[in-house]
*Asks:* 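Below is the structure I would like to discuss, written out as structure tokens.
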Amino acid sequence: MDDPLFDDTTSADDSGNFPPRFDSARVEAQILSRREAPPRNPGGTPFSMVVPPPNITGRLHMGHALNLTIQDVAARYRRMAGQDVLWVPGVDHAGIAAQNVVEKKLREEGIDFKTLGQEEFVSRVWAWKESIGSGIGDQIRRLGASLSWDHERFTMDPGFSRAVREVFVRLYEDGALYRAERMIHWCPRCLTALSDVEVTHVDREGQLVYVRYPDAGGAGEILVVATTRPETIVADLALAVHPDDPRYQGWVGRSVRVPMTDRLIPVVADTAVDPAFGTGVLKITPSHSMVDFEIGGRHGLGTLSVMDADGTMNALAGALSGLSREKARERALEVLESDELLDRREPYALAAGVCYRCQTEVEPRLSLQWFVKMAPLAARARLAVSEGEIRFFPSSWQKTYYEWIDNIRDWCVSRQIWWGHRIPAWSCNDCGHLAVLREDPAVCPACQSSAIVRDPDVLDTWFSSALWPFATLGWPEETPDLARFYPTSLLVTGFDILFFWVARMIMMGLYLTDRAPFRDVYIHALVRDEFGQKMTKSRGNVVDPLELMDRFGTDAFRLSLALLATPGRDIRLSIERVEASRNFVSKLWNAFRFISRTVPGGTPLLSDPGAVRGIANRWILSELVRTERDYREAMESYRVDEAALLVYRFTWSLFCDWYLEAAKTDADRDPQDPLRQETLSTLLTVGAALLDLAHPILPFVTEELSRIFGFDNASVGSSPALLGLSILPGESPEPFERIRTMVGSVRQIRTVMKIPPTQEIPADLVLSDPGLSPEALWPFLRRLARVVPSSSPLLKGLRAPFRDGHLVLDLGDLVDFTQEAARLDREVARVEGKIAEVSGRLSREEFVRKAPPEVVEKDRALVVTLEEEKEGLLAARDQVRDFLSGGR
RNA sequence: GGGCGAUUAGCUCAGCGGUAGAGCACUGCCUUCACACGGCAGGGGUCACAGGUUCGAUACCUGUAUCGCCCA
């Protein structure tokens with residue numbers, strides 16, 4: 001073991017090697033096996049988040065991965081900044097989704113869940129929940145998400161259930177919750193009511209069917225009605241026309257006969273009718289259409305329901321009874337056809353409402369349900385955002401939020417399923433009293449009868465989710481957690497649940513705690529496949545995050561997501577991107593491999609970065625300070641993508657490409673040379689700081705490297721480097737920038753002249769700037785450009801020009817001047833183009849007069865620089881031309 | 001029908017009033033003692049289109065086109 005850093009058992013693979021590849025699988029397994037809770041810092045300012053609880057039915061998908069990565073970056077960053085971070089994990093009981101899963105499982109076992117009864121079924125769901133254990137939780141850990149696992153909650157754990165019940169009762173007592181018979185969206189497959197947001201719309205190719213309604217007077221006149229739902233004709237209770245429609249003035253008040261039946265219905269006038277749709281005559285089916293229900297109400301039409309809960313036509317459907325909705329539609333067309341009441345049909349694109357859980361087309365249905373009054377809640381929720389109490393990132397989501405808030409309708413919260421929070425309402429069979437209670441009653445509170453029945457329905461899953469930020473912290477108890485961490489600091493979520501979840505948390509939070517439940521809301525987009533397609537099972541384009549983590553490492557996967565997480569834009573994730581990130585992790589790893597070989601154990605970190613003298617050292621430190629400043633700015637404004645890019649660029653383009661190469665020069669110096677010591681310490685210091693910057697995004701590789709180097713525990717990530725480097729080194733870093741241009745100039749010539757990279761070129765250094773010391777420059781030029789001081793002054797040679805001087809290169813006989821002449825011509829043209837542009841601007845009086853002085857000044861300085869550059873290029877070109885014409 | 005977003009290099013995307021950028025792909029050279037999951041050098045863009053504001057517009061405003069999403 002010749003490397004002093006590896007003289008103990010903490011080496012990379014515990015056998016003294018620092019392999020050229022980072023073994024992500026091994027390191028991740030090792031770190032995860034410790035199952036450490038992330039550290040808390042009771043002395044720090046609180047920073048809290050609640051995780052959007054994944055469904056118990058869930059498996060980690062791209063959306064989770066993105067969501068958790070962003071949160072974890074925030075959590076780790078805050079921890080490193082000394083804050084006391086609480087990030088509450090948890091799982092949602094996922095009412096309908098979980099019920100569906102268990103129903104299906106039972107069906108596969110040959111059991112019809114309905115035969116079990118509610119209690120037994122619920123206990124089966126609990127058993128199933130136990131059987132899947134911490135599946136999704138383990139996958140979340142796998143992603144490196146540093147949640148506060150000791151605070152894990154479930155939306156149906158006892159405490160949470162108490163909170164849900166408390167809210168329901170409180171709303172009821174306040175008159176903000178009521179039971180009523182209303183039109184709701186009904187899923188004929190899930191057999192439950194749905195809220196407005198649980199219905200999504202899909203474009204369908206339908207038909208507009210024109211049907212003849214004969215005049216009841218027998219005069220042979222007919223009204224033609226256009227409908228997309230001919231199967232509901234048998235439930236028609238009226239036809240309606242717009243009162244101002246000249247075509248139908250004579251019809252209002254008359255009666256027509258309903259096709260397929262013997263019923264007579266009136267023709268009414270209503271302003272809700274759109275004269276431009278179809279024939280301008282609307283059939284009114286109050287029991288099967290939201291709009292018709294309203295119109296029917298205005299005209300006292302009553303109701304007639306021809307469909308059962310499961311979408312089957314019932315006994316009142318006459319010729320259609322017993323048929324499914326779909327079959328009924330076909331049959332209706334046949335009957336109309338044969339009755340010669342079918343006028344015509346035309347294709348019609350319609351947006352069908354479907355259940356968001358099972359995609360079944362929903363039915364409007366009149367039924368007795370529980371509703372939350374939204375108007376008062378919504379008003380406050382609007383204010384919280386418009387007054388800036390809650391901030392959206394990106395802020396463009398405000399509009400969408402207002403749009404919804406402003407058009408909100410009462411929220412149907414009862415569900416006719418078995419899995420969920422049972423509604424705490426009892427009705428008395430004797431006196432009819434309805435009791436909503438915090439504790440289960442034994443008898444009717446009104447008449448003491450024991451003939452009371454509990455409402456069999458459960459609550460919308462989102463009802464409990466709406467309590468998540470405070471119920472997880474102990475509400476309604478006044479717990480220490482609630483006092484310290486509520487309101488939470490940041491909520492990170494996808495736009496797809498803005499209405500389902502975010503808006504409702506705001507409403508409930510304000511109503512129940514009098515405070516907005518969070519300060520900032522970061523709304524991220526969707527992860528799509530590389531072609532921009534949404535990842536869905538049916539498309540078969542779902543990429544499994546776990547697979548990517550296995551293949552490329554979790555760090556690489558997280559970095560890919562972070563880099564692509566531009567606010568407000570969907571993410572197209574391709575394997576190539578993850579590969580590129582993997583390469584970055586490897587690059588980082590190897591940079592530290594180099595440091596470990598170069599820097600002996602026991603080397604101290606820089607105690608005073610401002611006192612550093614070495615050209616390269618000063619340069620990298622000043623770049624680090626700049627990067628760190630921008631990085632913090634990015635993190636504070638939730639620009640994870642920018643922060644990640646800063647780390648990427650600093651590491652690769654500056655630290656690896658330039659500093660490490662330059663540091664090799666200093667490291668080769670005499671052991672007694674103080675510059676060598678300074679450089680070794682700088683390497684270590686910048687390395688440590690770099691790990692800190694990278695840690696929130698790349699937790700595993702940085703923790704492993706920190707461990708190897710004995711830096712502060714990277715899971716704490718409180719290396720002094722990050723905190724201590726707020727001072728800029730005293731002097732300008734410019735000398736190293738000059739070196740970069742010199743090196744660039746030589747490298748260009750080397751390429752054009754086809755001189756092998758390893759071949760050293762003797763050269764003379766000619767400097768016009770007296771501030772630069774050739775003695776300090778040569779070692780870097782030798783290392784980075786492979787030029788060496790020539791033993792004697794060169795009279796003839798090729799000029800490598802840079803801004804304030806040039807190198808004369810002795811290329812011996814290798815020279816093909818024509819290529820170089822052509823290159824220089826191109827360069828001169830490029831610089832001249834720039835000069836023309838900038839000086840053209842400066843020559844315009846208006847520009848000089850109106851533009852800000854600093855802009856004009858900057859342009860003037862730019863012209864000077866460009867002129868210098870041009871002169872150098874011209875001198876080099878002239879010389880090349882000399883060689884070309886005169887030989888040598 | 002209303003709203004939102006997008007349109008920048010072959011592809012995927014940053015940038016956003018003041019010399020057009022990254023990753024991947026492409027071309028040439030290089031297995032040089034951290035890294036070929038690498039290095040060096042390079043090619044490639046009238047920043048969708050048309051007006052306007054401005055000393056100056058890829059960026060701001062208006063309109064048009066195309067694409068995507070949300071709501072009705």
Side-chain angles (χ1 to χ4, degrees), chain A residues 18-22 196-197 200-201 274 276 291 351 353 394 396-400 402-404 406-407 495-496 498-499 525-526 528 530-534 552-553 556 560 563-564 566 568-577 579-598 639 641-642 644-645 648-649 652-653 656-657 660-661 663-664 743-744 746-760 783-786 823 826 830-831 833-835 837-838 840-842 844-852 854-856 858-859 862-863 865-866:
Chain A
F18 203 140
R21 299 265 188 283
F22 169 61
D196 295 343
V197 286
T200 56
H201 292 90
D274 174 11
V291 178
S396 51
W397 285 105
Q398 273 186 27
K399 269 196 183 169
T400 312
Y402 293 144
E403 187 78 14
W404 188 69
D406 293 343
N407 294 298
F495 66 80
D496 49 333
L498 185 63
F499 307 144
L526 230 57
R528 298 173 177 278
E530 59 191 306
F531 307 107
Q533 297 278 307
K534 196 170 169 176
F552 299 105
S560 308
L563 282 168
L564 290 166
T566 312
R569 192 159 165 149
D570 284 346
I571 290 180
R572 292 195 193 188
L573 189 72
S574 63
I575 299 289
E576 286 75 21
R577 282 313 278 248
E579 229 168 45
S581 297
R582 189 266 323 266
N583 295 352
F584 174 81
V585 171
S586 183
K587 186 78 178 175
L588 181 76
W589 177 259
N590 276 292
F592 281 85
R593 194 157 85 114
F594 167 74
I595 295 176
S596 85
R597 287 187 187 186
T598 311
R639 290 300 304 265
D641 57 322
E642 281 184 3
L645 191 62
Y648 189 103
R649 282 224 252 261
W652 203 314
S653 310
C656 290
D657 285 353
L660 290 189
E661 296 307 315
K664 288 173 184 172
V743 170
V746 175
R747 282 174 175 173
Q748 283 182 329
I749 288 179
R750 197 183 277 280
T751 297
V752 171
M753 295 303 185
K754 302 200 193 315
I755 300 165
T758 46
Q759 184 181 324
E760 290 196 326
R783 167 74 64 170
L784 299 169
R786 305 239 173 232
R823 181 185 76 88
R826 282 201 308 274
R830 182 182 61 84
V831 174
K834 291 280 181 212
I835 291 174
E837 186 187 325
V838 180
R841 199 154 56 215
L842 283 164
R844 273 186 297 113
E845 184 268 337
E846 263 192 316
F847 171 70
V848 180
R849 188 160 50 83
K850 294 190 176 172
E854 61 270 21
V855 170
V856 178
K858 200 176 149 203
D859 267 359
L862 180 59
V863 172
T865 308
L866 288 169

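So that the names make sense, note that chain A is the first sequence line, chain B the second, and so on, each numbered from 1. Keep in mind that the numbers below use all heavy atoms, side chains included, and drop hydrogens, waters and symmetry copies.
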*Asks:* Sugar-phosphate atoms are those with a prime plus P, OP1 and OP2; base atoms are the rest. Using that split, label each nucleotide of nucleotides 22-36 of chain B B, S or - for protein heavy atoms under 4.0 Å, 5' to 3'.
*Replies:* SS------S-B-BB-
*Asks:* Would you call the rings of A/F495 and A/W397 parallel, tilted or perpendicular, where under 30° means parallel and over 60° means perpendicular?
*Replies:* parallel
*Asks:* For the C1' atoms, the ones on B/A50 and on B/C69, what distance do you get once it is rounded to whole angstrom?
*Replies:* 27 Å
*Asks:* Using the P atom on both, measure B/C11 against B/C16 and round to a whole Å.
*Replies:* 23 Å
*Asks:* At 4.0 Å (heavy atoms only), tell me whether A/R823 reaches a base, stays on the sugar-phosphate, or touches nothing.
*Replies:*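 Nothing: the residue A/R823, judged by heavy atoms under 4.0 Å, touches no strand.
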*Asks:* Mind checking which stems touch RNA chain B? I mean at least 3 consecutive Watson-Crick or G-U pairs, both distances under 3.5 Å.
*Replies:* B:1-7 with B:65-71, B:10-13 with B:21-24, B:26-30 with B:38-42, B:48-52 with B:60-64
*Asks:* Quantified in whole Å, what is the C1' atom distance between nucleotide B/G43 and nucleotide B/A48?
*Replies:* 25 Å
*Asks:* Would you please name every residue forming a side chain to side chain contact (heavy atoms under 4.5 Å, CB included) with A/L660, sequence neighbours left out?
*Replies:*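 So A/L660 forms a side chain to side chain contact (heavy atoms under 4.5 Å, CB included) with A/A591, A/F594, A/F655, A/C656, A/L683.
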*Asks:* Going by the rule ring-ring contact (aromatic ring centres under 6.0 Å, His included), which residues pair with A/F552 if we only count those two or more places apart in sequence or in a different chain?
*Replies:* none
*Asks:* So A/V838, base contact, sugar-phosphate only, or nothing? Heavy-atom distance under 4.0 Å.
*Replies:*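 Nothing: the residue A/V838, judged by heavy atoms under 4.0 Å, touches no strand.
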*Asks:* By nearest nucleotide on RNA chain B, pick out whichever of A/A351 and A/R747 is the more 5' one.
*Replies:* A/R747
*Asks:* Given that A/T200 and A/F584 both sit by RNA chain B, which one's nearest nucleotide is further toward the 5' end?
*Replies:*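 Nearest nucleotide further toward 5': that of A/F584.
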*Asks:* If only side-chain N and O atoms of A/Q748 are considered, is one of them under 4.0 Å from the OP1 or OP2 phosphate oxygen of B/C40?
*Replies:*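 So the side chain of A/Q748 is outside the cut-off, no N or O lying under 4.0 Å from OP1 or OP2 of B/C40.
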*Asks:* Can you tell me, in whole Å, how much space there is between the C1' of B/G68 and that of B/A20?
*Replies:* 27 Å
*Asks:* Could I get a table of every N or O pair under 3.5 Å where one atom is in the protein and the other is in nucleotides 55-58 of chain B?
*Replies:*
from	atom 1	to	atom 2	distance (Å)
B/C55	OP1	A/K850	NZ	2.8
B/C55	O2'	A/R844	NH1	2.6

*Asks:* If you measure from the C1' atom in B/A65 to the same atom in B/A14, how many Å do you get, rounded?
*Replies:*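 Between the two C1' atoms, the distance is 25 Å.
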*Asks:* Reading nucleotides 2-8 of chain B 5' to 3', which nucleotides get B (base under 4.0 Å from a protein heavy atom), which S (sugar-phosphate only), which -?
*Replies:* --S-SS-
*Asks:* With rounding to the closest Å, how many angstrom separate the C1' atoms on B/G15 and B/A9?
*Replies:*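 Those two atoms are separated by 14 Å.
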*Asks:* Can you tell me how far C1' in B/U27 sits from the matching atom in B/G10, rounded to whole Å?
*Replies:* 14 Å
